[in-house]
K.L.:
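Take a look at this one; I'll ask things after.
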2 protein chains.
Amino acid sequence: MSALPGTCPSGDEKVVLFGLLLETNARMARDLSAELEATCALPLAWFEVLLQLRQAPDGRLKMSQIADAIVHSTGGTTRLIDRLEEASLVERQLCPTDRRAIHVAITAEGNRRLDDALAVHLNYLDQHLAGRLGASERRSLTSLLTKLNVPADR
Amino acid sequence: MSALPGTCPSGDEKVVLFGLLLETNARMARDLSAELEATCALPLAWFEVLLQLRQAPDGRLKMSQIADAIVHSTGGTTRLIDRLEEASLVERQLCPTDRRAIHVAITAEGNRRLDDALAVHLNYLDQHLAGRLGASERRSLTSLLTKLNVPADR
DNA sequence: GACAAGTAATTGCATATGCAACTATACTAG
DNA sequence: CTAGTATAGTTGCATATGCAATTACTTGTC
């Protein structure tokens, strides 16, 4: 009413939903990030990388795969991996079949730090995810987000 | 096996769901951001602020309300509003009842730019939201995210 | 095999952001 | 009314990130 509802669909259902997605994500990421930082001294971005590496079939990924998985630019990923390597949590390895590519592998130290962080993370999720959504709701949410999470543009 | 699955629940259903939330959000935000930037020269963060202001009862919010709504630190919000004000899209106004507080109001120019951006935004959402989720799925998602989007910590 | 086009990662630069310290104002208790 | 505490916003500083240009390598074509 206050802003010409006809011309300005700021209250549109889809707009509200998208805003809710942004806000919910930001809130949870910020809270979890603070908790990881406080208890494990591990930035959320580092945690994401280590998690991706562990989930990878052979515990290693190429730079570009990491960039895609965590939705960073390749430049940003280079610097992020620089820091992780500096902290001895991952290791750059040559790719035997493509000399342009770099394999990033998690180290023993990285695995240890990830275990610590996972404990904190799981505790957080028990409280803030499982505490608010039941198992079937979580399955629904997973299904809905999967439909939205389309890699490329269209 | 490569990482002691028993001790390392990296494939835990909740962990996967949370990762999916992060990834979906990042992907959509990045795509929409690029589109807004390209077509309207309006950063996503600016769009978020303008949208919040329009949705506010009287078209203005205090700094701290904005910070909370868009999940930024207060320091970050100060700078963000600095830039928006510099671009004449918002205006700082004194609060008559509390001299510590600042009212941020959207300007006519801000409203115009927001209208442009909303058109782009709605088009994006038609493709990427409504194109992938039906109306009842969107209602479900809204409901689920609402349960997760709890303002404070506990 | 040589050249063109494509791909992987890195770098320089600009910018956006958070944290902690600080200032100014408001509230509360005595 | 004064002192102490809480709150709103801003600032200095450090850091993380994206974009565009660059380098190095690969692939496809003739």
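A, B, ... follow the sequence lines: proteins, then strands. Residue 1 opens every chain. Computation of the quantities below employed the complete heavy-atom set of this structure, encompassing side-chain atoms and omitting hydrogens, waters and symmetry-equivalent molecules.
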K.L.:
Tell me what B/Arg92 touches on the nucleic acid: a base, only sugar-phosphate, or nothing, going by heavy atoms under 4.0 Å.
P.N.:
sugar-phosphate
K.L.:
State whether A/Lys147 and B/Glu137 are salt-bridged, where the test is any N-O pair (Lys NZ or Arg NE/NH1/NH2 against Asp/Glu carboxylate O) under 4.0 Å.
P.N.:
yes
K.L.:
What is the minimum heavy-atom distance between B/Leu20 and A/Thr142, and which atoms define it?
P.N.:
CD2-O, 3.4 Å
K.L.:
Indicate, with a heavy-atom threshold strictly under 4.0 Å, whether A/Thr74 touches base, sugar-phosphate, or nothing.
P.N.:
base
K.L.:
Give a yes or no on whether a donor-acceptor pair under 3.5 Å exists between the nucleobase atoms of D/dG9, that is its base, and the side chain of B/Arg79.
P.N.:
no
K.L.:
Which protein N or O atoms sit under 3.5 Å from an N or O of nucleotides 22-29 of chain D?
P.N.:
| from | atom 1 | to | atom 2 | distance (Å) |
| --- | --- | --- | --- | --- |
| D/dT26 | OP1 | A/Arg99 | N | 3.2 |

K.L.:
Would you kindly compare B/Ala101 and A/Pro43 by the position of their nearest DNA chain D nucleotide and give the one closer to the 5′ end?
P.N.:
B/Ala101
K.L.:
May I have the distance from B/Ile102 (atom CD1) to D/dA8 (atom C1'), rounded to whole angstrom?
P.N.:
9 Å
K.L.:
Is A/Asp126 salt-bridged to A/Arg132, cutoff N-O under 4.0 Å?
P.N.:
no
K.L.:
Looking at every strand, decide which applies to B/Ser73 at a 4.0 Å heavy-atom threshold: base, sugar-phosphate, or nothing.
P.N.:
base
K.L.:
Would you mind telling me which residue lines up with the more 5' stretch of DNA chain C, A/Gly75 or A/Ala34, judged by nearest nucleotide?
P.N.:
A/Gly75
K.L.:
What pairs of donor and acceptor atoms, side-chain ones from residues 95-103 of chain A against any protein atom, are under 3.5 angstrom apart with sequence neighbours left out?
P.N.:
| from | atom 1 | to | atom 2 | distance (Å) |
| --- | --- | --- | --- | --- |
| A/Asp98 | OD1 | A/Arg100 | N | 2.9 |
| A/Asp98 | OD1 | A/Arg100 | NE | 3.1 |
| A/Asp98 | OD2 | A/Arg100 | NH2 | 2.9 |

